[in-house]
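Please read the structure below before turning to the comments.
Heads up: numbering here begins at 1 and tracks the sequence. Both counts, for ligands and for their atoms, begin at 1 and track the order of listing.
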Amino acid sequence: MANSIWTTEEFTCPGCGMNYTATREEHSEAHSGSFKCSICSGEVHSWSGKHHFFGWQAVKTKPLVFGRRWAGVQW
Ligand SMILES: [Zn+2]
């Protein structure tokens, strides 16, 4: 149980510069996938290997609604 290791990584869209974060999960089996920018549809990141990325979120560098910094916040 609970052997999965989750880490949050940050990516920048090469097309428009939008920042995203994703949760990386280590797996014992190979996965592959890719994530495309919701703004410009450019490929932000693609992966293949014993890990998977999920929970993609656009990073708002200036939170308008939330008074706390986005980093480390449990949504
Ligand atoms: Zn983009």
Side-chain angles (χ1 to χ4, degrees):
M1 296 176 62
N3 285 327
S4 60
I5 302 171
W6 290 3
T7 55
T8 300
E9 297 195 7
E10 190 169 336
F11 300 91
T12 301
C13 175
C16 68
M18 186 69 190
N19 292 315
Y20 292 92
T21 60
T23 303
R24 173 180 168 140
E25 184 179 30
E26 301 298 328
H27 287 267
S28 58
E29 299 176 357
H31 289 254
S32 64
S34 63
F35 176 77
K36 287 183 170 54
C37 180
S38 60
I39 306 296
C40 71
S41 298
E43 186 173 277
V44 177
H45 186 62
S46 63
W47 62 92
S48 177
K50 293 184 176 181
H51 57 276
H52 191 63
F53 287 94
F54 68 97
W56 289 88
Q57 289 186 325
V59 175
K60 294 177 177 59
T61 55
K62 292 183 178 179
L64 299 176
V65 177
F66 300 100
R68 293 183 292 177
R69 292 170 58 85
W70 60 268
V73 173
Q74 293 288 336
W75 295 102

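Between the side chains of E29 and H31, no donor N or O sits under 3.5 Å from an acceptor N or O.
Under the salt bridge (charged side-chain N to carboxylate O under 4.0 Å, His left out) criterion, E9 pairs with R24, not counting sequence neighbours. S46 pairs by the side-chain contact (heavy atoms from CB on, under 4.5 Å) definition with S34, E43, not counting sequence neighbours. Under the rule for a ring-ring contact (aromatic ring centres under 6.0 Å, His included), the partners of F11 that lie at least two apart in sequence or sit in another chain are H45, F53, W56.
Here the Zn ion (ligand 1) has protein N, O or S atoms under 2.8 Å from it, and they come to 4.
I39 is connected to F35 through a chain of hydrophobic side-chain contacts under 4.5 Å among Ile, Leu, Val, Met, Phe, Trp and Tyr, so both are in one cluster.
In this structure, P14 and V44 approach most closely via the heavy-atom pair CD-CA, 4.1 Å.
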